[in-house]
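The basis for the numbers below is simple: all heavy atoms, side chains too, and nothing from hydrogens, waters or symmetry mates.
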Amino acid sequence: MSEAFLAALDASAPGLVRAAHVVGSAALGDHRPGSDLDLVLELSRAPGPDDLAALAAALTPELDLVCLVDGEPGPWGRDGAFHPGPGHDVTPVLLHQLNRCSTTLRGPRPRFAVTRDEVEAYCRRNLVEYWRPLLELVAGGTGPGHRDGVLWAAFGPARQWHTIRTGEVVSKTRAGELAAERWPDLADELRDLLAARRGERVELTAAHREAVVALGNRVLAAV
């Protein structure tokens, strides 16, 4: 997928891509069938109209794309939609992932300036601003109640919790395993949720939804 994308860009916008890195689940050994591939491009120049057209034409729905120009946010794409302006938030956690646990497909290894304090502060803010409201919706039965929604809410807070504690970025699966070790009373439900993430046929019930909310609230209390 990424090779075809880069080949298409090389043909239509020669020299545009200085470096290309995979982040997210694929770089962490946790990619699942049907998951998007998270790709970060470091561009060699500010993209002109022809460059933007080439990026848009090469993008596929399976790619989540972030472009950086001199380390600053540039064009981006998600779910097959291309955005030519710098609207995507390049977070300290993304820069940390690029430095520590990305897979470089082209160019030099990334070396972005980001501190652990910045990463920790972002994780704490993200827990409060994004995950807490989502957990409240799930708890009230008005949030994502279907299978994918419960799985989405299950492991995000645990990933932030682990990064705050250790500075390490881990996959959703590893975050679930670590949370099960830390809170053994939730371990059975978390193991079911991990099995469901692997694609196994596991019926998710109200008990699993309650475990997701309990885990998120414990994470929020712990940090």
Side-chain angles (χ1 to χ4, degrees), residues 21-40 64 66 89 91-103 114-139 143-200 202 204-205 207-223:
H21 317 283
V22 174
V23 294
S25 59
L28 293 167
D30 196 34
H31 194 255
R32 295 291 177 260
S35 296
D36 293 334
L37 183 69
D38 298 307
L39 186 64
V40 178
D64 277 354
V66 176
D89 187 17
T91 69
V93 169
L94 175 59
L95 298 178
H96 187 56
Q97 286 188 65
L98 284 163
N99 289 347
R100 297 280 297 274
C101 52
S102 61
T103 299
V114 62
T115 68
R116 179 165 173 178
D117 286 346
E118 290 170 331
V119 172
E120 181 178 331
Y122 173 80
C123 289
R124 292 182 184 278
R125 187 167 64 251
N126 186 247
L127 279 168
V128 172
E129 294 178 358
Y130 178 79
W131 290 106
R132 175 178 282 163
L134 179 60
L135 289 165
E136 290 173 352
L137 290 174
V138 173
H146 56 81
R147 187 182 187 88
D148 289 344
V150 169
L151 289 173
W152 173 255
F155 306 119
R159 292 185 78 194
Q160 307 285 45
W161 163 73
H162 184 74
T163 299
I164 289 169
R165 291 171 59 246
T166 68
E168 182 186 17
V169 176
V170 295
S171 68
K172 294 181 179 70
T173 294
R174 183 60 181 148
E177 293 168 348
L178 291 166
E181 293 173 8
R182 172 63 179 82
W183 292 286
D185 60 308
L186 302 178
D188 288 345
E189 289 80 8
L190 291 176
R191 280 192 285 267
D192 285 345
L193 289 160
L194 288 170
R197 173 169 164 72
R198 291 192 298 269
E200 298 179 22
V202 178
L204 299 185
T205 67
H208 296 99
R209 180 172 58 83
E210 291 165 4
V212 167
V213 174
L215 173 60
N217 287 335
R218 292 181 194 186
V219 165
L220 284 159
V223 300

Please check: side-chain N/O of His21 versus main-chain N/O of Gln97, any donor-acceptor pairing under 3.5 Å?
no
Taking distance alone, no hydrogens or angles, what donor-acceptor pairs closer than 3.5 Å link side-chain atoms of residues 187-195 to residues at least two apart or in another chain?
{"from": "Asp188", "atom 1": "OD1", "to": "Arg191", "atom 2": "NH2", "distance (Å)": "2.7"}
{"from": "Asp192", "atom 1": "OD2", "to": "His208", "atom 2": "NE2", "distance (Å)": "2.9"}

Counting C-beta onward and ignoring hydrogens, is there a side-chain heavy-atom pair between Trp161 and Leu178 closer than 4.5 Å?
yes
Atom CZ of Arg132 and atom CG of Leu137: how far apart are they, to the nearest 0.5 Å?
13.5 Å
Quick check: closest heavy atoms across Thr163 and Cys123, and the distance to 0.1 Å?
CG2-SG, 3.8 Å
Which atom names give the shortest non-hydrogen contact between Gly156 and Trp131, and what distance separates them?
CA-CZ2, 3.5 Å
Once you round to the nearest 0.5 Å, how far does OG1 of Thr115 lie from CG of Asp117?
5.0 Å
Contacts of Asp38 meeting side-chain hydrogen bond (donor to acceptor under 3.5 Å, both in side chains) (sequence neighbours excluded), chain-then-number -> none
Closest heavy-atom pair and its distance - Val212, Leu135:
O-CD2, 3.8 Å
Counting C-beta onward and ignoring hydrogens, is there a side-chain heavy-atom pair between Arg198 and Thr173 closer than 4.5 Å?
no
Is there a side-chain contact between Arg218 and Leu186, using heavy atoms and a 4.5 Å cut-off?
yes
Any heavy-atom pair between the side chains of Asn126 and Thr91 that's under 4.5 Å?
no
Quick one: closest heavy-atom pair of Val114 and Glu118, and the distance?
CA-OE1, 3.3 Å
Is there a side-chain contact between Val219 and Trp183 (heavy atoms, below 4.5 Å)?
yes
Decide yes or no for Leu28 and Arg159: does some side-chain heavy atom of the first lie under 4.5 Å from some side-chain heavy atom of the second?
yes
Taking all atoms of both residues into account, what is the closest heavy-atom pair of Ala196 and Leu151, and its distance?
CB-CD2, 4.0 Å
Answer yes or no: is there a side-chain heavy-atom contact under 4.5 Å between Lys172 and Trp152?
yes
Spacing of OG belonging to Ser171 relative to CD belonging to Glu177, to within rounding of 0.5 Å
7.0 Å
Just do the side-chain contact (heavy atoms from CB on, under 4.5 Å) check on Val138 and Val150 with the steps written out, would you?
CA-CA 8 Å; Val138 173; Val150 169; 5.6 Å; no
Determine whether Pro157 and Leu220 make a side-chain contact, defined as any pair of heavy atoms from C-beta on separated by less than 4.5 Å.
no
About how many Å separate CD of Gln160 and CZ of Arg125, when rounded to the nearest 0.5 Å?
10.5 Å
Between Arg197 and Phe155, is the side-chain contact (heavy atoms from CB on, under 4.5 Å) condition met? List the steps.
CA-CA 10 Å; Arg197 173 169 164 72; Phe155 306 119; 4.2 Å; yes
Mark yes or no for whether Ser102, through its side chain, and Val22, through its backbone, hold a donor-acceptor pair below 3.5 Å.
no
